[in-house]
Each structure stands twice: as structure tokens, then as C-alpha cells.
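Every value quoted in this text rests on a predicted model; they were computed, and no experiment measured them.
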Amino acid sequence: MFDFVRKHTRILQLILVILILPSFVVFGIQGYSQFGEQADTVAKVGKQNISQAEWDNAHRNFVDRVRAQQPTADIKAFDAPEFRKQSLEALVRQYVLAAAAADQKTTVTDARLLRTFTTDPRFSALFNPDGSFNKQLLEAQGMSANQLVAMVRQELTLGQVLGSVQATGQTSVASNRQAVDALFQVREVQWMKLDPKQYAAQLNPSAQQLQAFYKDPANAAWLSSPEKADVEFVVLDLDTLKQRVTVPEEELRRSYQENLARFSTPEERRASHILVKTDAGASADQKKAARTKAEGLLAQIKQNPAVFAELARKNSDDPGSAVNGGDLDFFGRGAMVKAFDEAAFKLKKGEVSGLVETEYGFHIIQLTDVRGGQAQPFEAVRAQIEDEARKQLAQRQYAEAAERFTNSVYEQPDSLKPVADELKLAIQTATGVLREPGAKDQGVLSNPRLLTTLFDAENRSKARNTEALEVSTNKLVSARVVKHHPAATRAFAEVEAELRDRWVAQAALKAARDDANQKLAAWKKSPEQASLPAPVEMSRRTIFNQPPAVLDAALRIPASQLPGWSVVELGAEGVALVKVNKVLPLQISPQELKETQNQFGSYWGRAEADAYYRALKHQFKVEYLNEGKKVMDATQQQKSATGS
């Protein structure tokens, strides 16, 4: 037991961050009824508003979790609409489930909560050996025990809303057989790909054809240059203020002395012990016998301390350490149960304790080594102390500076120079700032709220400052348009080369499609004339080299119509001509059939839970507004454009 505690103490914090927190409710609902009507509402669930600030915070949390779990991920990419949609949808989901839980009067009893803490392995690392919460570990993550309990209770409460539906997923033998047939069925297929590149060399558009292609309304979107602007902007943040403040040397040294414990290596002790175990329900006679045995061992050790390890190997009831002569390796304060901890940290190196009684029995402790506890010299931590002091001073100044910043850009809206001079800020410039940046990184100028305000018709036409907007924690920005470039169709000469490439690509694809249809008609009439490659076996069970669209088309042809033909669109890759000859005998073991029955039931349960959630969204009248609606519309348009 002690060996287990000692080994796991060192990874508690990692377990908390990686395993515990991400499994809770994704963003949390901060006081479900506390949000009133707001002008920057991005979504509504019934009468509850979700503000832009909540969404921004939720998205930051989402990105922070990605950064923690995938340090090499391109974090900037997560500002794209499809990822912002995910964070908004997750936030809406919590509101919908909370509304449903309140409507259904769903609750979690204390007994259920306790059972979760004691049986769920995610939480085992959060407790001290005596069963209490590890407060230091929780405080290191900015959380109290009460907050943790509230989070877990909320997770369990919301989980009940969909959990009861998902758990009822059941399927009939007939429907499961259909699913098995779709997954395991194997077909003999012949197919060939007609690549547009084979036809492109023969195509050479005329000037008239390119002009007609240029004027085709279908090409208007890609021929348009997006709306953009040349911009001036100023940024007020903690880093700017930190660079200006200075901290006297005597204050740094005083802070060092006052926080000496922070700059000291935590003291750790290495001890060996002999445990004479007593069970929780041991009688008085059994405890007395255990004490007598422990006292006898202690007497031998006092006569000859050198026999400690040998006695531990032969007599200790702690199997984890007995094999090592009772050695527990190094441990810090609080790693062991209270009585053991207090006794170990009172001993001097080489000393042996008296009998120490804990809930596990009687211990004899020998302190074998001590390390740590020494303070780092001032020079080694001076930079850290100074950085912290500068950050604290900057934080104190920020509130006042932010108020002055906000007032100045509003009161003198025609220029950023006054606020820059007043607060000694640099006026930065950016050219070609896009109204809809997409994947382009525009730094602080990628913030959706800032762009909406910046490109507002009145602000844009009069080159007015935007209001001071918080684009991230402790970072204010105000910007103004210096020169506006409206969306416009690019000149023919500018896009002529691209026009030609696109025309050829479309014409080549049409030629490939026409060729496929001609071959299909001819080979249907005279199958013996078909020059198709050798047949291959295709199934959803096994991954082959063919494109997914070919596999899908081959399996969609009804078995009653075989042999059957199909022309399959492969997008820019061309088309495929497919012939399905026959269905091969199904091969599946009884074990595989049973496994698919369980999996299919699980999938069915998830589908029912998803359908129930969509019904709840309708019941509680989910509505997307302002920036939320823009993101939802943008991702829907992208989905439609890709055909996914």
C-alpha cells in the first residue's frame, strides 16, 4: 500500500490535468440563470442567452485543451469557422441538457456521487491515503474540493438526460443481419478510372471561349477579390505595461526573503519500515498480539539496528516494500498517512522510531536519508521574482490604463494618435486585412467582433476608431480603416491564366465523363468487347486501393440487377466505370456475428440519443444569432460546397 502511494504521488498532477478535467462538462454553465438580455448574444436556448464573451471563453478553453494534449498542433487553425462551430455547439449542448435536466427534475444523490468518487478510476489519484481530498493538488489547478464536487455532480446530472435513452439501444435479429450483410458482403468487381489529364492535352480554348467563361455567373465567386482594408490599430496588453515598470532591487530581495519557502527544494525523506498489520475489524486481543510482535521486533532492532532490513524482509506485512528490506524510497510531506508522516519527519538520519500506530497496524520506521529543503540563492531566482513583480505591477496598472484607453478611442474617434501618445503605445499598420479572413492569420485582426465593428459601414466610410474591444484576456484593441477595398471582380487580364486552367480542367472532366458514358453504352450491348481490368473482391470489411466512391457505388447496385454497371463521379480526379459481376458467398464466424450484434445495438443507442437531443433542441427553441449565426451559416455553406 505504501509503495503504491509513494509511486503515484509524483504523477497526481499530471493525472488530474489529462484524465480528470477534460472529462467534465466541456465548458460548464456559469450560473444557468444569471445571464440577462445582451446585445452580443450568439445563441439562445429558450429564454437563456449565450453571450459572445461566454463563447470566446469556451473557445479559449477548447484551444487550451488542444494545446495541452497536442503541443505541436497549429493553434491558429482552430479559429476557423468549423472549429468555432464546435465550441459553440458544445456550449449550446450544455444549456440544452441543463434545461432538460431542470425540466425533468433530474438529480444526483450524495450516495451516487460518493459511489462515483470511490469506483471511478479517474478520481483515485485525487485522494490522500486517509481518504481525504488532496487539497494542494486541487488548489494548484485553481479549484476547491467543493468546486470539484459541483462539477462532477453536474456531469452526472447532465449525463442522465441522454444516458437513459442511449442505454436502451436494441436491434432485432433481422435488422442486425442486414447490417452484417452490408458490412461483410463481398462482391466481384471490375473497374477503371478515366483521368481528365488524359484528355487535357487535346484541349485549347479560344479567346471567345475564355471570355464567355469569364462572364459565366457560375464563376463569379472565385473571380471576386474579397473585401479588405488597410488598417491602423493600437494594442494595450499586460506585456506592453510590463516592459515599462521597474522594481527596486531592495523590493526584489525583500520578496525573496518573504517567499523563501517557494524557492526552496521541498524536503524529502527516505525511510524503511516494518508493518505488523491489523485489520479494520480486529479484536482487542488481535491488536494486542500485533503490538506484542511489533515490540519484540523493535527490541531486536534497538539491540542491533543493522538487522532492520533482514527483519523487514521476513516479518513486514507490506509486500510492496518488504522485498526491498522495508525501503519506501524518497517521499515528501503528506505522501503518507498522518501519524506515519509526523513520525518520519521528526527522525534524524539513521534513527529508528518507536511503535507508530495507524489504521493499517503498527510501524517501525528507520530514517535512511534526507534530501532537499535548501533554498536556491537569490541570484538564481532573481529573474523569476522580477518577472512576477513586474507582472503584478502591470496588472494593477492595467485597469486604469484600460479605462483611459477605452475613453480616449471613443472621445477622439477620428485618430488613434491621441490614445497612442497618452499611453505611449505604438500605432501598428496592416494592409489587406480581410473582412472574412478564413484560414489567413491576421493576429488580433482576426477577431470576429473586431472585424464586424471595423468594417461597419459608418466606421469604414468615416475612418472612425472602433470601440475598445477585448480580443483576449487583458488585451484591448482599437482599429480604424485607412483605405477600404470593396469586393470586386478581378480584371480579365489578371486572371486569364487561371481562367484557362479552370476551363481546361472542366472540359477535360466533361470529356472523361462523355467517354465513360459512351463505353458504358457500348459495353452493355456487347459485354465481350469490354476492356476492363481483371476482377477484384470488394467489401466494406476490408480496405482496398479503390476510391471510397467506387466501393460505395459497387455495393449499392441491387444484387437482383447483377451483373450491373455504374459511372461514378470522382470529383476533380475524373470518373470511374464500374461493373459488378456477382455477390460472393458470405463468410462470417458466430463470434463475429455476436460482436456485430452488440456493436450495432450500441450504434443504435447513440443514434437514438442523438435524435432525442435534436428533439430537445427543438423543444427548447435553440436559435443562433449575430456571430453565432454567421459561423453556423458559413460552415453549412462550406458543407454544401464540398457535398459532404
Side-chain angles (χ1 to χ4, degrees), residues 39-43 50-56 58-60 62-63 74-89 91-92 217-233 235 428-472 475 477-491 494-495 498 502 623-644:
D40 63 346
T41 298
V42 295
I50 300 177
S51 70
Q52 179 75 51
E54 281 183 89
W55 183 20
D56 290 343
H59 192 70
R60 279 197 296 270
F62 166 66
V63 174
D74 181 8
I75 301 302
K76 295 175 183 177
F78 289 93
D79 282 332
E82 59 266 30
F83 292 109
R84 291 193 62 82
K85 176 188 175 182
Q86 288 183 31
S87 59
L88 179 57
E89 283 280 54
L91 194 55
V92 167
N219 295 320
W222 70 265
L223 285 170
S224 295
S225 61
E227 182 182 9
K228 56 189 175 182
D230 300 333
V231 174
E232 288 182 346
F233 64 102
V235 179
Q428 304 178 56
T429 60
T431 58
V433 174
L434 297 177
R435 171 65 183 85
E436 301 288 346
K440 180 183 178 183
D441 179 21
Q442 297 183 165
V444 295
L445 298 177
S446 292
N447 182 271
R449 293 180 63 205
L450 180 60
L451 288 172
T452 298
T453 307
L454 181 65
F455 282 88
D456 175 79
E458 187 170 358
N459 283 346
R460 185 188 67 213
S461 62
K462 297 182 180 180
R464 287 182 175 174
N465 303 336
T466 68
E467 61 181 306
L469 292 171
E470 187 176 31
V471 297
S472 61
K475 178 173 285 191
V477 177
S478 179
R480 61 190 294 271
V481 172
V482 177
K483 185 176 181 180
H484 180 244
H485 305 277
T489 301
R490 292 182 287 170
E494 179 186 347
V495 296
E498 188 176 357
R502 286 176 177 258
E623 182 181 5
Y624 298 96
L625 305 166
N626 303 320
E627 285 300 321
K629 187 175 187 304
K630 289 181 181 179
V631 164
M632 300 300 291
D633 291 345
T635 52
Q636 183 59 43
Q637 290 172 5
Q638 182 179 14
K639 183 177 180 181
S640 300
T642 57
S644 57

Rounded to the nearest 0.5 angstrom, the CD-CG distance for Gln442 and Asn447 is 11.0 Å
**Message:** If you count every heavy atom of other residues, nucleotides or ligands that lies below 6.0 Å from Lys629 atom NZ, does the total exceed 12?
**Reply:** no
> Do Val433 and Phe233 come within less than 4.5 Å of each other through their side chains, counting heavy atoms only?
Replying inline: no
Review point. Are side-chain heavy atoms of Tyr624 and Leu88 found at a separation under 4.5 Å?
Key: yes
Residues passing the side chain to side chain contact (heavy atoms under 4.5 Å, CB included) test with Asn459, sequence neighbours excluded, are Thr453, Asp456, Arg464
Between Ala634 and Pro81 the two heavy atoms that sit nearest each other are CB-CB, 4.4 Å
- Find out whether Trp222 and Arg490 are in side-chain contact, i.e. whether some heavy atom of one side chain is under 4.5 Å from a heavy atom of the other. yes
To the nearest 0.5 Å, atom CG of Leu451 lies from atom OG of Ser446 at 7.0 Å
CD of Glu89 to CE of Met632, rounded to nearest 0.5 Å, is 4.0 Å
Separation between CD (Glu54) and CG (Leu91), nearest 0.5 Å, reads 5.5 Å
State, yes or no, whether a side-chain contact exists between Phe83 and Val63 at a heavy-atom distance under 4.5 Å. no
In short, Ala479 meets Leu445 closest at the heavy-atom pair CB-CD2, 4.4 Å
* Do the side chains of Arg460 and Glu227 get nearer than 4.5 Å, heavy atoms only? -> yes
Just by modelled atom types, is the Ala468 backbone N or O under 3.5 Å from a matching donor or acceptor in the Ser478 side chain? no
Nearest heavy-atom contact between Thr466 and Leu450 is OG1-CD1, 3.7 Å
The reported gap from CZ in Arg449 to CD in Glu467 (rounded to nearest 0.5 angstrom) is 6.5 Å
Scanning both residues in full, the closest heavy-atom pair of Asp40 with Ala53 reads OD2-N, 4.1 Å
Should the heavy atoms of other residues, nucleotides or ligands under 6.0 Å from NZ of Lys475 be counted, would the total exceed 12?
no
Glu82 and Lys85 ion-paired at < 4.0 Å:
no
Checklist entry - Do His485 and Asp230 come within less than 4.5 Å of each other through their side chains, counting heavy atoms only? => result yes
Contact between Pro448 and Lys630 at the side-chain level, heavy atoms closer than 4.5 Å - yes or no?
no
In this structure, CD of Glu498 is separated from CG of Leu223 (nearest 0.5 Å) by 7.5 Å
With a 3.5 Å distance limit and no angle check, can you tell me whether Arg480 reaches the backbone of Ala463 through a side-chain donor-acceptor pair? yes
(message) Are the side chains of Glu470 and Asp56 in contact, using a 4.5 Å heavy-atom criterion?
(response) no
